[in-house]
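Structure, as structure tokens:
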Amino acid sequence: LPLDLQPHLLRALEQRAVRRVGDTRYRPVDVRIVAATNRDLNLEVQEGRFRADLYYRLATVEVMVPALRDRLEDLDMLVQHFLQQAGMSHGVRGLSKDVDTLFRAWRWPGNVRELRNVVQRAVPFTDGPLISMVGLPDAIAGRERPTGPVELDPSLTAGTYHEAREALMDAFELQ
């Protein structure tokens, strides 16, 4: 929260009242604030980028959640949860051994959100009960992204213009 807005939040928390934009009176509110950050707020307070009084008002209960790479024992549970969210209608039940090994070695810079996105992306590309390397993003699977012009089979241009165009578009989309 920008430094100039922090006093407004602090006032709302202390007085348990807010004033709507354009209104002349304060209205009582009964709220509980759950705040999350990936910044070290103690350091932010020391360097003057976060108000100490607001920090102490918010920091009544602190929960430190380690990065996914530091709690790989949660990986299986999270994958199952994301598979259920993605809809198990595809019949995907888990990870192949090579994908599981890869997931445990990956640093997960995007944390749990990155895992969720990778699992959700892989489900439609999975032909069996286990996610394989085929559906994974190139960066995670260790594949290099193709660069330069797309190589197409010259035989695709045979036939009428519309047939050739359709065949070229299909080949391009597949690649």
Side-chain angles (χ1 to χ4, degrees), residues 1-88 90 92 94-96 98-126 131-148:
L1 187 64
L3 200 54
D4 59 328
L5 295 179
Q6 291 177 22
H8 299 286
L9 177 57
L10 181 61
R11 185 178 315 113
L13 293 174
E14 290 293 328
Q15 295 176 357
R16 297 182 177 268
V18 295
R19 191 180 74 196
R20 294 180 181 174
V21 174
D23 203 346
T24 57
R25 64 184 179 97
Y26 281 88
R27 298 172 186 262
V29 292
D30 183 18
V31 297
R32 292 178 193 259
I33 303 294
V34 177
T37 184
N38 59 357
R39 295 184 181 178
D40 180 353
L41 286 185
N42 283 318
L43 181 63
E44 297 291 315
V45 167
Q46 290 173 7
E47 294 183 359
R49 290 188 298 260
F50 200 86
R51 291 178 56 111
D53 49 357
L54 179 57
Y55 170 75
Y56 293 118
R57 183 69 173 93
L58 290 174
T60 54
V61 175
E62 290 185 68
V63 177
M64 301 301 285
V65 179
L68 179 58
R69 68 181 155 269
D70 298 330
R71 54 187 173 102
L72 291 175
E73 64 275 6
D74 293 347
L75 197 68
D76 294 331
M77 176 199 56
L78 289 167
V79 166
Q80 288 305 313
H81 175 72
F82 296 140
L83 285 173
Q84 287 174 348
Q85 277 187 335
M88 304 270 278
H90 292 278
V92 180
L95 307 174
S96 65
D98 55 341
V99 171
D100 184 65
T101 302
L102 181 67
F103 275 20
R104 292 181 186 287
W106 189 250
R107 297 283 301 153
W108 298 109
N111 236 327
V112 176
R113 286 184 189 96
E114 181 184 11
L115 175 64
R116 180 193 63 215
N117 292 340
V118 168
V119 169
Q120 288 176 346
R121 172 197 165 143
V123 167
F125 294 103
T126 301
I131 293 174
S132 67
M133 299 291 272
V134 174
L136 298 182
D138 293 338
I140 293 177
R143 296 183 296 262
E144 292 201 23
R145 298 188 99 163
T147 57

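Positions are given from 1, in the same order as the sequence printed here. Just so it is clear, the values below take in all heavy atoms, side chains as well, and ignore hydrogens, waters and symmetry mates.
- Shown here for G135 and R121, the closest heavy-atom pair between the two residues is O-NE, 3.5 Å.
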Trace of the side chain to side chain contact (heavy atoms under 4.5 Å, CB included) decision for N38 with N111: CA-CA 11 Å; N38 59 357; N111 236 327; over 6 Å; no
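- Nearest heavy atoms, A17 versus V29: N-CG2, 3.9 Å.
- At distances below 3.5 Å, not a single donor-acceptor pair connects side-chain atoms of W106 with backbone N or O atoms of L115.
- Atom CG of L95 and atom CG of L83 lie 7.0 Å apart (nearest 0.5 Å).
- D4 and R51 are not joined by a salt bridge, as no carboxylate oxygen comes within less than 4.0 angstrom of a charged side-chain nitrogen.
- Using a 4.5 Å heavy-atom threshold, the side chains of D76 and D100 count as touching.
- Taking the side chain as every heavy atom from C-beta outward, S96 and I131 never approach each other to under 4.5 Å.
- By the neighbour-count criterion of 12 heavy atoms within 6.0 Å, atom CZ of R27 is densely surrounded, having more than that number from other residues, nucleotides or ligands.
- Considering only heavy atoms from C-beta on, V92 stays 4.5 Å or farther from V119 through its side chain.
- Interatomic distance, CZ of F50 versus CZ of R39, reported as 10.0 Å (0.5 Å rounding).
- Using a 4.5 Å heavy-atom threshold, the side chains of V45 and Y56 count as separate.
- The two residues P7 and L3 make their nearest non-hydrogen contact at CD-O, 3.3 Å.
- For the atom pair R104 CZ and L102 CG, the distance stands at 11.5 Å (nearest 0.5 Å).
- Here the closest non-hydrogen pair linking A86 and V123 is CB-CG2, 4.2 Å.
- Annotation: side chain of R20 is not in contact with side chain of R25 (no heavy-atom distance under 4.5 Å).
- In this structure, CZ in R113 is found 10.0 Å from CZ in F82, a value given to the nearest 0.5 Å.
- Interatomic distance, Q85 CD to L78 CG, rounded to the nearest 0.5 Å: 10.0 Å.
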Stepwise side chain to side chain contact (heavy atoms under 4.5 Å, CB included) test for L41 and L58: CA-CA 11 Å; L41 286 185; L58 290 174; 5.9 Å; no
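- When side chains are defined from C-beta on, R11 counts as touching Y26, because their heavy atoms get closer than 4.5 Å.
- Within the 3.5 Å criterion, the main-chain N or O of R107 finds a donor-acceptor partner in the side chain of R69.
- Among residues two or more places apart in sequence or in another chain, the side-chain hydrogen bond (donor to acceptor under 3.5 Å, both in side chains) test is passed with Q15 by none.
- With respect to D53 and R57, no salt bridge is recorded, no charged nitrogen being found less than 4.0 Å from a carboxylate O.
- One finds a salt bridge joining R49 and E47 here, because a Lys/Arg side-chain nitrogen approaches an Asp/Glu carboxylate oxygen to under 4.0 Å.
- F103 is listed as a side-chain neighbour of V118, based on a closest heavy-atom distance under 4.5 Å.
- Residues P28 and R16 have side chains not in contact (no heavy-atom distance under 4.5 Å, counting atoms from C-beta outward).
- Note: H8 NE2 to R19 CZ = 9.0 Å, rounded to the nearest 0.5 Å.
- A donor-acceptor pair under 3.5 Å is formed between the side chain of Q6 and the backbone N or O of L1.
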Steps toward side chain to side chain contact (heavy atoms under 4.5 Å, CB included) verdict (V65, R71): CA-CA 9 Å; V65 179; R71 54 187 173 102; 3.8 Å; yes
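- Every residue two or more places apart in sequence or in another chain was checked for a side-chain hydrogen bond (donor to acceptor under 3.5 Å, both in side chains) with D40, and none qualifies.
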